[in-house]
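First comes the structure, then the notes that go with it.
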Amino acid sequence: MDFELRRAREKLEKEQRERKDRAKLKLEREKRAKQEAIHQREAIEAVQRARRIEAAEAQAKTIFSEYLYSISRHAKVTHHLWGTFSGDKIKLPPSSFVELSEQGAFDKGPLHFSLSLIHNEGAGEEQNGMTHAGVMEFTAEEGSVALPPHIWSNLFPAGTLKSSMVEVRYVWLPKGTYAKLQSDEIGFSDIPNHKAVLETSLRQHATLSEGDVLTVNHGALTYHLRVLELKPSSSVSVLETDIEVDIMGPESAEKTNHHVLTPLIFGKPESGVVDEGNYLYYKFLIDDDTWKIISSADAKIEIKLESQMQDGDTDLYVSRHPLLFPTRHQHFWSSHDVGSKALILGTEDDNFGPGSYSVGIYGFKGTSKFTVSVTIQDKPREKVGQNAASSSSSMEVDTVECRNCKRNIPSRTIALHEAYCSRHNVICQHPGCGIVLKTEDAKSHVHCGKCGQAFHEVEIEKHVKVFHEPLHCPCGIVLEKEQMVQHQSSDCPLRLITCRFCGDMVQAGTCAADARDRLRGYSEHESVCGSRTAPCDSCGRSVMLKDMDMHQIAVHQKN
């Protein structure tokens with residue numbers, strides 16, 4: 001019997017091993033087949049792409065000189081600012097469309113043009129200033145070319161019109177593979193995901209040329225990036241290509257119109273001077289280790305601002321990235337106390353978490369010297385039994401409520417207390433206040449006529465100016481401070497949001513045109529930006545970015 005059981009067990013184990021081996025082999029075959037399919041698809045696409053490039057290059061080289069001269073024309077310069085377009089696409093007259101169509105230019109890929117200024121000097125012509133551009137429309141007046149701001153600023157860097165004529169030539173440009181840029185202003189690297197911001201800006205461009213200045217907008221900030229080096233040519237196409245980008249900082253930080261984020265080290269104070277109406281900015285980082293200490297409910301972050309109150313006063317504003325520079329209208333936390341100020345941030349605040357933070361010091365009045373610091377404060381722990389002892393002792397004493405200050409006083413001393421209290425203390429008669437004040441302090445205790453909050457008389461003027469003076473939003477709405485902060489954080493169409501698809505900080509705009517996008521909570525920009533397609537990582541199909549999650553769930557059963 002034992003022999004038969006042993007043989008049956010061995011047979012069962014053998015069958016289980018065989019099933020496991022078959023399942024493992026099946027998974028490996030499926031994995032290899034999937035990888036081979038991906039490699040084959042990539043190889044086919046690479047071969048097709050190489051063939052298209054070779055064919056385009058061969059055709060372009062054979063007819064390059066022909067197009068270079070047959071499509072070139074002299075046109076009058078006109079400066080156009082159409083909409084919010086900030087790319088490099090020009091407008092040409094309808095006759096250019098006819099000429100390009102007759103010579104088959106539209107069959108050879110995107111259209112690129114070189115633009116050169118022409119200076120008439122006697123019988124000769126001198127060319128000075130050159131850049132490249134794509135084409136937007138063929139709707140310009142005959143004999144003229146409409147230039148967007150980017151092309152205009154690169155042809156006329158001094159801002160003055162040196163020539164009214166420009167030569168436009170149809171040229172072929174290779175696709176760019178590498179670009180080296182240098183920012184004229186400091187702080188571009190402080191932008192979260194600044195390469196995504198640059199990518200968003202380059203979507204509006206068709207070309208790049210060495211020596212050009214590329215304007216990149218990020219919210220209310222504007223940065224100018226100078227093109228230092230390009231590969232494989234000094235002028236390249238940026239359409240449908242992946243470019244490796246290196247970004248350098250400015251050579252000198254002496255002249256800049258941008259604010260600078262000075263790093264703050266925990267426990268190390270920084271001193272500075274700020275004038276009335278100006279801002280100074282600092283930044284600090286809460287990494288994962290620091291957040292573990294804070295999230296354990298044993299510590300908090302204190303941001304302290306100590307100001308000298310001789311001639312000036314300051315305000316304290318704090319924001320979390322991607323809002324880099326907090327202002328009176330846009331911030332997460334603020335303090336407007338007269339004199340020293342402190343903000344305590346802890347885990348009970350939903351907006352507080354690991355990440356980078358900006359601290360803004362605003363000169364409210366005069367010129368102020370200040371010291372700002374960020375420290376980690378341990379939460380004080382109460383001694384066991386301390387409160388219980390004090391409460392039990394107070395319950396044993398017979399008390400009577402004072403008729404003046406309403407405090408509970410031992411009955412044996414109530415008569416002396418009321419006699420003293422009625423001579424030296426007074427109760428504030430403002431509705432809802434009832435605070436007990438010393439007689440000499442009663443005159444300095446005042447209430448705001450609009451919100452009813454209590455202040456010292458030296459603080460009421462600042463409170464009214466900060467919280468109750470009407471503020472004008474760029475969208476046209478006039479509100480007080482608290483309503484303005486709420487409006488610009490959730491309702492204003494000009495508010496800055498971080499696009500969940502491109503990572504750039506853009507204006508939210510109005511509601512999305514598509515009803516489904518409105519239900520998803522997408523802004524106007526996100527609805528348009530999410531309509532771009534990208535290949536699925538699993539199957540390689542082109543899917544709209546805003547439908548990628550649904551595609552992964554419906555097609556690939558991924559949660």
Side-chain angles (χ1 to χ4, degrees), residues 49 52-75 77 85-92 96 100 103 105-106 108-119 126-136 145-157 162-163 165-184 198-199 201-216 224-248:
R49 185 166 55 250
R52 289 195 300 267
I53 293 174
E54 290 177 359
E57 289 178 352
Q59 293 177 0
K61 289 178 181 178
T62 56
I63 62 173
F64 180 73
S65 58
E66 177 185 351
Y67 280 107
L68 182 62
Y69 295 101
S70 61
I71 305 300
S72 71
R73 60 172 59 230
H74 295 175
V77 177
F85 186 77
S86 58
D88 66 345
K89 298 181 176 64
I90 61 177
K91 291 183 179 181
L92 293 174
S96 299
L100 291 166
Q103 302 186 41
F106 293 97
K108 297 169 179 61
L111 302 179
H112 302 113
F113 300 89
S114 67
L115 290 86
S116 305
L117 295 182
I118 298 176
H119 300 276
E126 177 190 355
Q127 294 187 3
N128 185 20
M130 182 177 179
T131 187
H132 291 79
V135 61
M136 183 178 185
V145 55
L147 306 182
H150 171 76
I151 301 298
W152 183 275
S153 61
N154 282 289
L155 284 178
F156 308 102
K162 299 180 180 179
S163 173
M165 298 296 294
V166 63
E167 183 179 25
V168 182
R169 295 186 178 187
Y170 168 71
V171 296
W172 176 86
L173 294 178
K175 292 187 176 182
T177 58
Y178 172 79
K180 185 177 182 180
L181 310 177
Q182 183 179 39
S183 175
D184 289 344
L198 177 60
E199 179 184 352
S201 179
L202 285 177
R203 289 198 195 106
Q204 300 177 341
H205 289 257
T207 66
L208 277 181
S209 299
E210 290 183 0
D212 282 358
V213 176
L214 183 67
T215 302
V216 178
H224 299 87
L225 304 179
R226 192 173 302 276
V227 182
L228 300 181
E229 182 182 355
L230 294 171
K231 291 180 182 180
S233 175
S234 59
S235 299
V236 298
S237 170
V238 295
L239 296 176
E240 299 179 358
T241 183
D242 293 330
I243 300 180
E244 181 184 355
V245 179
D246 287 338
I247 301 176
M248 301 174 58

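Counting from 1, the numbers follow the sequence of the chain as shown.
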Can Thr131 and Asn154 be counted as having a side-chain donor-acceptor contact under 3.5 angstrom? no

Does the side chain of His224 pick up a donor-acceptor pair with the side chain of Ser183 at under 3.5 Å? no

Expected output: side-chain Asp88 to main-chain Ile151 donor-acceptor under 3.5 Å: no

Can you list the residues that meet the side-chain contact (heavy atoms from CB on, under 4.5 Å) rule with Thr177, with sequence neighbours excluded? Lys231, Pro232

Please name all residues satisfying ring pair (Phe, Tyr, Trp, His ring centres under 6.0 Å) with Tyr178, sequence neighbours left out, ordered by chain then number. none

Given Val236 and Thr207, is the side chain to side chain contact (heavy atoms under 4.5 Å, CB included) satisfied, shown in steps? CA-CA 6 Å; Val236 298; Thr207 66; over 6 Å; no

Is it the case that the side chain of Thr241 and the backbone of Gly176 share a donor-acceptor pair, with hydrogens and angles ignored and the cut-off at 3.5 Å? yes

From Leu198 CG over to Arg203 CZ, what is the distance, rounded to the nearest 0.5 angstrom? 10.5 Å

Roughly how far, to the nearest 0.5 Å, is OG of Ser96 from CZ of Phe113? 7.0 Å

How about Ser235 and Glu210: do any of their side-chain heavy atoms sit closer than 4.5 Å? no

Could you walk me through whether Leu214 and His150 pass side chain to side chain contact (heavy atoms under 4.5 Å, CB included), step by step? CA-CA 7 Å; Leu214 183 67; His150 171 76; 4.2 Å; yes

Enter the distance from Arg169:CZ to Leu115:CG here, rounded to the nearest 0.5 Å. 11.0 Å

Between Ser209 and His132, a side-chain donor and acceptor under 3.5 Å: yes

With side chain to side chain contact (heavy atoms under 4.5 Å, CB included) as the test, would you mind laying out the steps for Val213 and Leu225 before giving the verdict? CA-CA 6 Å; Val213 176; Leu225 304 179; over 6 Å; no

Contacts of type salt bridge (charged side-chain N to carboxylate O under 4.0 Å, His left out), residue Glu229, not counting sequence neighbours: none

Close side-chain approach of Ile90 to Pro148, heavy-atom, < 4.5 Å: yes

Side chains of Leu181 and Leu228, heavy atoms from C-beta outward: is any pair under 4.5 Å? no

Note: Leu239 and His112 closest approach over all heavy atoms is CD1-NE2, 4.1 Å

Please determine which of Val168, Leu92, Leu100 meets the side chain to side chain contact (heavy atoms under 4.5 Å, CB included) test together with Val135. Leu92

